[in-house]
Amino acid sequence: MLAKSLVIAGLFAVSALAETHEYHWTSEWVYANPDGMCNRPVIGINGVWPPPVIEVTKGDRIVLYYTNGLGNETSSIHFHGLFQTGSNTMDGPPGLTQCPIAPGQTMLYNFTVPDQSGTYWWHSHTEGQYPDGIRAALIINDPEDPYADMYEEAFTLTISEWYHDLVSDLVKSFISVANPTGAEPIPDSGLINDSQNVTYSLKPNTTYKFRIINYGAFVSQYIWFEGHNMTIIEVDGVDVEPYESEMIYITVAQRYSVLITTKSEEELVKLNQAVFPFVTSIDLDMLDTLPDTLNWNTTGWLVYETDAVDNSTRPDPALLDGSFDDLNWTDDFYLTPLVVQDLITDDEVDQTITVNVTMQTRGNGANYAFFNNISYLEPVVPILYTLFSAPEDLITDSRIYGSTTHSFVLEYNKTAQIVLNNQDPGKHPFHLHGHQYQLVERSEASDDDSVFITYDPDSPGEQRPNPVRRDTAYVRPNGYMVIRWHNDNPGVWFFHCHIEWHIIQGLSMVIVEAPEQIRATQSLTQNHLDVCKGGGYPTEGNAAGNTADYFNLTGEPQDVPELPAGFTAKGYVAMVFSCVAAFLGMACITWYGVSDIKTTRRRLEARVIKREGLDAILGDEELERDLINDAGVEPSSPLLSGRNSRDSNVSRRDV
Ligand SMILES: [Cu+2]
């Protein structure tokens with residue numbers, strides 16, 4: 001990594017303190033084997049995987065020159081949880097605030113972080129890209145950290161599930177007539193700090209801060225430290241009142257900072273123990289199938305620096321059987337922000353967006369995800385670019401931003417809410433860019449998949465006067481949640497499920513917040529326009545690229561039509577399986593494949609090209625398969641095997 005920091009000499013004391021951090025990154029395919037079971041291509045930065053952590057101080061400037069060196073696919077960088085106030089164009093999602101960065105192009109992300117601190121992360125926002133490894137922590141230190149005196153040292157602890165296959169390969173069978181119910185790909189293992197068997201060396205009688213980030217693509221995880229309680233002090237960049245916790249449930253994209261106080265030497269002697277396991281455990285409710293080869297528990301170790309007790313032996317962790325319903329894990333709804341922001345009450349809400357979440361098998365036999373029967377598709381022209389190029393009097397009309405982008409226009413300095421009714425038996429973590437929203441209500445789950453618990457404004461559920469604020473919160477199966485925020489950050493912001501598989505299925509929509517203020521106070525950079533030009537992407541016009549008539553959306557990407565009348569998803573399953581049973585499976589699938597797929601979903605076609613491109617780049621080098629059974633590691637009962645005994649092995653290549 002090439003990084004240098006320059007101190008800006010300023011006339012004012014405050015600017016003299018702010019630093020500029022300049023990074024020059026090129027993404028490229030490298031090989032890595034973080035779980036010791038499979039050496040696979042991953043996306044590294046400057047030849048190294050895992051990619052670099054960004055660590056800055058509140059008020060600093062980040063100047064990141066990002067070159068797409070992948071060769072076979074477009075790319076982008078998003079800074080998860082950052083407000084990007086006044087710098088919407090630096091937010092990162094292609095189709096919203098920028099064009100896809102074509103291979104060989106360099107995009108300059110240049111912005112400050114004036115008004116927030118805490119635990120964040122950065123990742124590619126190109127669909128299906130970050131699970132291939134292009135993600136890392138982003139830490140903003142607070143010079144006025146209210147908890148600074150309470151801990152001696154801070155660690156970052158990342159967790160994620162891991163796959164042995166490329167996303168582009170997994171998607172081929174995921175979005176497919178052979179998978180009409182939309183069963184998500186099953187992970188192959190879990191990682192801690194992009195590795196396994198991680199150890200932290202700790203002193204007795206000392207308090208440490210752990211910044212916990214789940215940057216997986218799919219599954220929520222439970223985390224606990226044996227023999228040690230956690231005190232939660234931050235969620236998603238929001239400092240909260242100290243909250244004791246035995247166990248945390250963390251969805252993908254969420255972050256928690258916790259304090260852990262170590263035991264005294266006397267206690268260690270009394271326990272005759274100086275090594276304590278900590279465990280992350282996948283929420284098995286989210287998996288459609290559970291292969292024997294999956295060890296859903298990943299273990300790390302707190303190792304005390306002491307001579308009083310033997311600290312060379314690692315005790316077996318006490319593992320759980322995957323049922324967490326009766327355990328005492330913390331419900332984040334009851335966390336209280338340190339900086340009070342009064343509840344936006346029912347009466348104070350100015351603008352409401354109500355969406356029902358469904359998954360549907362469509363006319364091509366594949367399964368997609370919907371807000372109100374719209375499955376998101378990337379527009380031809382990024383929405384922010386439409387906003388800058390359209391006639392001024394049209395920019396508050398959501399129609400010009402397209403129908404399948406599912407865009408909502410919000411007014412400046414008003415309040416907004418999303419009422420989200422989950423008509424799906426899955427849990428979904430929903431992320432809003434540009435804001436830390438108030439989690440105002442969240443219902444229980446409904447165990448009966450035909451009975452939905454739907455928001456009723458006339459009989460509100462539990463609300464709290466200073467509700468927890470965060471940028472990612474989950475909704476329970478068949479339940480609802482209500483989130484609210486102040487429209488004080490003009491910008492084009494994504495709202496989407498952060499499960500990458502569901503993004504690929506289209507579970508996204510767009511908030512166009514204060515379009516007139518965006519246009520009056522912000523602008524596109526020449527570099528951003530050059531990146532579009534370099535990839536051959538248009539920068540003017542409506543969602544379809546039409547500059548003559550902004551209401552003519554001819555040519556915008558279209559959702560796959562609904563199943564023909566009389567067909568049901570179950571009918572499709574029966575059809576597919578009866579074909580397979582009759583040894584006609586392949587013929588059946590091929591027949592449906594050629595006869596029924598009349599999709600204009602550009603990205604699926606693009607994905608096939610992408611995979612072929614990778615084969616060319618990697619040349620004759622085969623994927624080195626070293627799966628569990630081949631490696632001779634006994635897949636003993638996952639209940640008993642808390643860890644993989646093999647050392648992880650990350651291959652690194654110098655720049
Ligand atoms: Cu989801």
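Keep in mind that what you see is a predicted model, and the values were worked out from it rather than measured.
Both tests pass for R40 against the ring of W162: distance under 6.0 Å to the centre and angle within 45° of the axis.
Nearest heavy atoms, I43 versus S27: CG2-CB, 4.0 Å. Here the closest non-hydrogen pair linking H406 and M509 is O-CB, 3.4 Å. Across I518 and L384, no two heavy atoms sit closer than the pair CG2-CD1, 3.7 Å. Taking every heavy atom of both residues into account, Q522 and N88 meet most closely at OE1-N, 3.0 Å. When every heavy atom of S124 is checked against every heavy atom of Q129, the shortest pair comes out as OG-OE1, 2.6 Å. When all heavy atoms of A136 and P51 are compared, the pair lying nearest together is CB-O, 3.7 Å.
Partner of S189 under the side chain to side chain donor-acceptor pair (under 3.5 Å) criterion, chosen from T298, N295, D35: D35. Among T126, V42, L70, I77, the one residue that satisfies the side chain to side chain contact (heavy atoms under 4.5 Å, CB included) test with I134 is I77.
Aromatic pair F155/F210: centroids less than 6.0 angstrom apart. With ring centers used as reference points, W121 lies under 6.0 Å from Y130. Under the 6.0 Å cut-off for aromatic ring centres, W485 and W493 do not qualify, their centroids lying 6.0 Å or more apart. Between H80 and Y120, the ring centre distance reaches or exceeds 6.0 Å.
Judged by distance alone, the side chains of S75 and Y66 do bring a donor and an acceptor atom under 3.5 Å apart. Between the side chains of N297 and S281, a donor-acceptor pair is found at a separation under 3.5 Å.
Ring pair H428/F430 is tilted by interplanar angle, where 30° to 60° counts as tilted. Using the six-membered ring where Trp is involved, H498 and H123 have ring planes that are perpendicular, over 60° apart on the 30 and 60° scheme. Ring geometry for H431 against H496 counts as perpendicular: the plane angle is over 60°, on a 0 to 90° scale with 30° as the lower cut. Using cut-offs of 30° and 60° for the angle between ring planes, the F278 and Y200 rings count as tilted. By the 30° and 60° cut-offs, the orientation of the rings of H528 relative to Y109 is perpendicular.
Taking the side chain as every heavy atom from C-beta outward, I140 and T57 never approach each other to under 4.5 Å. Here the side chains of Q116 and F83 are in contact, with some heavy-atom distance below 4.5 Å. Proximity of L96 to P382: side-chain heavy atoms (C-beta onward) are nowhere separated by under 4.5 Å.
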Would you sort out whether L108 and T525 count as a side chain to side chain contact (heavy atoms under 4.5 Å, CB included), showing the intermediate values?
-> CA-CA 9 Å; L108 170 58; T525 66; over 6 Å; no
Check step by step if salt bridge (Lys or Arg N to Asp or Glu O under 4.0 Å) holds for R135 and D194.
-> CA-CA 10 Å; R135 73 286 183 280; D194 292 318; 2.9 Å; yes
List the steps, then state whether side chain to side chain contact (heavy atoms under 4.5 Å, CB included) holds for F79 with L138.
-> CA-CA 8 Å; F79 309 88; L138 193 169; 3.8 Å; yes
Go through F494 and H125 one step at a time and tell me if the ring pair (Phe, Tyr, Trp, His ring centres under 6.0 Å) criterion holds.
-> CA-CA 11 Å; F494 237 153; H125 217 294; 5.4 Å; yes
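At least one donor-acceptor pair closer than 3.5 Å links the side chain of D60 to the backbone N or O of E19. Of the possible donor and acceptor atoms, one in the side chain of N214 sits under 3.5 Å from a partner among the backbone N and O of V219. At distances below 3.5 Å, not a single donor-acceptor pair connects side-chain atoms of D165 with backbone N or O atoms of L170.
Taken from OG1 in T158 to CG in N193, the straight-line distance is 4.5 Å, to the nearest 0.5 Å. Remark: W25 CH2 to L64 CG distance equals 5.5 Å, nearest 0.5 Å.
Between K172 and D169, at least one side-chain nitrogen of the basic residue sits less than 4.0 Å from a carboxylate oxygen of the acidic one, meeting the salt-bridge criterion. Using a 4.0 Å cut-off between charged nitrogen and carboxylate oxygen, K209 and E234 do not count as a salt-bridge pair. A salt bridge links R255 to D471: one of the charged nitrogens lies within less than 4.0 Å of a carboxylate oxygen.
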